[in-house]
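Below is one structure, written out as structure tokens; comments come after it.
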Protein chains: 2
Amino acid sequence: MLSERQMMILRAVVRDFTNTGVPVGSKTLAKQLPIHVSSATIRNELAALEEQGLIEKTHSSSGRIPSGEGYRYYVDHLVKPDPLRPNDIDVIQSSLGGDFHKIDEIISQSATILSNLTSYTAFTLKPELKNSRLSGFRLVPLGKRQVMAILVTDSGDVENQTFDVNETVTGDQLEAVVRLINDQLVGLTLPEVLQKLQADIPMKIANYLQSPEGFLDIFGDVLTRAAQERFYVGGRLNLLNFSQDSDVDSLKSLYSLIDKTDDIANVLGQPSDKISVQIGNEMTNDALRNFSLITATYDVNQHGKGMIAILGPTRMPYSRMLGIVGAFREELAKKLLDYYRFYDE
Amino acid sequence: MLSERQMMILRAVVRDFTNTGVPVGSKTLAKQLPIHVSSATIRNELAALEEQGLIEKTHSSSGRIPSGEGYRYYVDHLVKPDPLRPNDIDVIQSSLGGDFHKIDEIISQSATILSNLTSYTAFTLKPELKNSRLSGFRLVPLGKRQVMAILVTDSGDVENQTFDVNETVTGDQLEAVVRLINDQLVGLTLPEVLQKLQADIPMKIANYLQSPEGFLDIFGDVLTRAAQERFYVGGRLNLLNFSQDSDVDSLKSLYSLIDKTDDIANVLGQPSDKISVQIGNEMTNDALRNFSLITATYDVNQHGKGMIAILGPTRMPYSRMLGIVGAFREELAKKLLDYYRFYDE
DNA sequence: TTTTAGCACTCAAACGTCACAAGTGCTAAG
DNA sequence: CTTAGCACTTGTGACGTTTGAGTGCTAAAA
């Protein structure tokens, strides 16, 4: 249990250290704090905080820096999100203000904006597609042997893929297959479609194609891709700013991490309505030891929920970052609702 | 003009320095060289080479390192490509052996292979499309408002893009436009198509659509993208290995350079049948000061020529790298000819 | 004329010493 | 409970020394 004064001191330690990067000592704190106590008193309190594992020393006679637990306590109990700076508001307005023709453009642009605002690396994830429905399927013959499969969902997402047909398949056959798919599967959610694809569809298709496996593979492929969570990353290069003393190896593993959709999904974790902060030492991945991750969901009502996140050094100004993430999720939700309203009408 | 012995010494200096990274002195050279002379003699020769600007000292009493001009002389006159290591041959065979369904897959995979072989960053560029021809165009209505434009070339490339039609356009109108395009433009090379698009096509289309601008934009867009040179990059992260003392800024500019197609095209320069080496100081871009670029074309007969390149530190083992690039261009050409043979038949 | 041994000289890198500044813990008095 | 005072610790940076690799030059040898 911390006293009021200890909280005040812990808050000051975190704020000072995240701003300057220098371990903070008792004298500095005594000057900074609103209360009037001597540095010796602060020293006693610092010792108490260290006792509880909230702060630590870099060497036996250094000032204090927050420990992982200290950051945790700070973000859980002591921090309060900063309001946006006027300048930041401008940036959001102007970058998100234009006309977009695809959801993906908005989401991808958002990653860029977030990374610009924070000067960290940002991730955005479009609203989950689990409950979007198949609204159409086409097979378009392109030439001698190539066919393009196109899949459209009711949320306006389009996924396509070209493939080779190795045997001679007639246009009539293709049309029959397309009609079958559209009759049987349109209107179902994507997971439902995937399920049906395992069940009765193969037999029905066998009426029109002698070897339906190849086709089913393609269809399953493009379907999975459509249903897959789609990540966008902004400000990749900003990671370079925080690689202490050019530790190339950990940088490399960091980059391979953020380029793998699965891994990132794993790290981001489950969506929750609150803005969540993960401190480096709390994350399983070793490459993230010196980083913190702030994640938040945004809510587009019946169109589902998406996620935004920023990845920066553990030593980041949390109040400002929480302010940015909090405000941006709202703006993004608004923008997307606008977009859907236009698209649905 | 260099004497035989001077050439031998320069070659030894470059080879030793590219291997060890340490400035090389007269004693080391005396031991290494096949001829039997004292270090003092070598010192005299080194002074002569320095006189000519081919080598230099890092400080007044250090060993010698090759200058930009020294590297140039070395690659122009002294180096001879190493034969591939058996291991490298295996890597190429197994990575390029499988079945590919798109040219782009082969080219992109090639960038990865090259970067693995060299542990540098590799670029690959698919055979130029300037003389490939438009072989088909489709407009596929996807839903209330969305339409997908698909363009196919005779080399099997497919390019597509979805767009919104803002007014109510009937399926008949779309079909008429598609028929017009296919009648008038199929069989022409892509540059020819682009040219016609500026000339008489707009008027003809105006017969079917009241405001053809939007459509022409889309068509031009997807056409340009199809005709555009397409780069693939492999081993991006390897650049991190050569950033001396974590010079974050130059690293960043390096990365933004290689992510911009236009800039890269610029740096790679014009194709030439010989394998070409550009030494850091010869390149205009400052971020490349400490790098060298080896580029080579590969030739797929009537299907045009493409390019491969590797970017590594100026201090790279040129003989080995030239061997790899030389061998790989052959393998790639063979593979592509195989691919086209299958596709064309 | 070319090569070589010898020698004085240069410089980076490694190392130890020293003083300094910032900070701590502890004690004893307020 | 707070604070002044003090001894103690440690990173940092300045400075001088030593060491080793390498150079240029000179004069003798080939």
Side-chain angles (χ1 to χ4, degrees), chain A residues 1-10 12-67 70 244-245 315, chain B residues 1-10 12-67 70 244-245 315:
Chain A
M1 212 52 298
L2 298 191
S3 70
E4 277 299 322
R5 194 169 66 186
Q6 286 172 339
M7 290 189 192
M8 175 189 293
I9 291 177
L10 178 57
V13 169
V14 175
R15 296 229 305 201
D16 199 88
F17 181 68
T18 52
N19 282 331
T20 67
V22 177
V24 24
S26 53
K27 223 157 137 190
T28 322
L29 286 169
K31 255 181 271 167
Q32 249 171 44
L33 289 179
I35 57 175
H36 206 74
V37 289
S38 77
S39 66
T41 308
I42 307 270
R43 276 205 289 286
N44 290 332
E45 297 287 38
L46 286 177
L49 287 170
E50 187 171 10
E51 184 82 11
Q52 304 199 41
L54 296 173
I55 57 180
E56 52 196 28
K57 293 185 271 193
T58 61
H59 60 86
S60 81
S61 77
S62 79
R64 304 307 211 291
I65 65 173
S67 67
Q244 45 257 38
D245 59 77
R315 193 212 114 196
Chain B
M1 209 56 295
L2 298 190
S3 71
E4 278 298 323
R5 194 167 66 184
Q6 286 172 338
M7 289 187 193
M8 175 190 293
I9 292 176
L10 177 56
V13 169
V14 175
R15 294 229 306 200
D16 199 89
F17 181 68
T18 52
N19 282 332
T20 67
V22 176
V24 23
S26 53
K27 223 156 135 193
T28 322
L29 285 169
K31 255 181 274 167
Q32 249 171 45
L33 287 180
I35 57 176
H36 207 75
V37 289
S38 78
S39 65
T41 309
I42 307 272
R43 275 204 290 286
N44 290 333
E45 297 288 38
L46 287 176
L49 287 170
E50 188 171 10
E51 186 82 11
Q52 304 200 43
L54 296 173
I55 56 179
E56 52 195 30
K57 293 186 269 193
T58 60
H59 60 86
S60 82
S61 75
S62 79
R64 305 306 210 293
I65 64 174
S67 68
Q244 47 257 38
D245 60 75
R315 195 213 112 196

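Owing to the predicted nature of the structure, the values given are computational and were not obtained by experimental measurement.
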**Complete:** Assign each of B:Thr58 and B:Val37 the nucleotide of DNA chain C bearing its closest heavy atom; nearer the 5' end lies the nucleotide of B:Val37
**Item:** Nearest-Å distance for atom pair CD/P, residues B:Gln32 and D:dG22
**Value:** 11 Å
**Asked** Of the nucleotides D:dT3, D:dG22, D:dT23, which one has an atom closest to the side chain of B:Arg43?
**Response** D:dT23
**Message:** Just the rounded figure in Å: distance from P of D:dG22 to CZ of B:Phe17.
**Reply:** 13 Å
**Prompt:** Should B:Thr41 and B:Arg5 count as side-chain neighbours, where that means a heavy-atom distance under 4.5 Å?
**Reply:** yes
**Closest-nucleotide 5' rank along DNA chain D - winner of B:Val22 and A:Glu45** = A:Glu45
**Prompt:** Between which nucleotides of DNA chain C, read 5' to 3', does contact with chain B run, using atoms under 4.0 Å from its heavy atoms?
**Reply:** C:dT3 to C:dA12
**Item:** Short side-chain N/O contact from B:Ser26 to OP1 or OP2 of D:dT23, under 4.0 Å
**Value:** yes
**Phosphate OP1/OP2 of D:dT23: any B:Arg64 side-chain N/O under 4.0 Å** = yes
**Request:** Quickly work out the A:His36 NE2 to D:dA4 P distance and round it to whole Å.
**Result:** 9 Å
**Asked** Can any side-chain N or O of B:Ser39 pair as donor or acceptor with the backbone N or O of B:Ala30 at less than 3.5 Å?
**Response** no
**Asked** Should B:Ile42 and B:Leu33 be marked as a side chain to side chain contact (heavy atoms under 4.5 Å, CB included) after you check the CA-CA gap, both sets of side-chain angles, and the distance that decides it?
**Response** CA-CA 10 Å; B:Ile42 307 272; B:Leu33 287 180; 3.5 Å; yes
**Asked** Can you name the salt bridge (charged side-chain N to carboxylate O under 4.0 Å, His left out) partners of A:Glu56, sequence neighbours left out?
**Response** none
**Message:** How many whole angstroms separate atom CD1 of A:Ile42 from atom C1' of D:dC1?
**Reply:** 14 Å
**Item:** B:Glu51 CD - D:dT23 P separation (whole Å)
**Value:** 16 Å
**With sequence neighbours excluded, residues passing side-chain hydrogen bond (donor to acceptor under 3.5 Å, both in side chains) with A:Thr58** = A:Ser62
**side chain to side chain contact (heavy atoms under 4.5 Å, CB included), paired with A:Leu54, selected from A:Val14, A:Leu46, A:Leu49, A:Ile9** = A:Leu49
**Request:** Provide, to the nearest angstrom, the distance between the CG atom belonging to B:Leu29 and the C1' atom belonging to D:dA21.
**Result:** 13 Å
**Request:** Find out whether A:Leu2 and A:Gln52 are in side-chain contact, i.e. whether some heavy atom of one side chain is under 4.5 Å from a heavy atom of the other.
**Result:** yes
**Asked** Rounded to the nearest Å, what distance is computed from the CG atom of residue B:Leu49 to the P atom of nucleotide D:dT23?
**Response** 12 Å
**Item:** Spacing of A:Lys57 atom NZ relative to D:dG11 atom C1', expressed in whole Å
**Value:** 14 Å
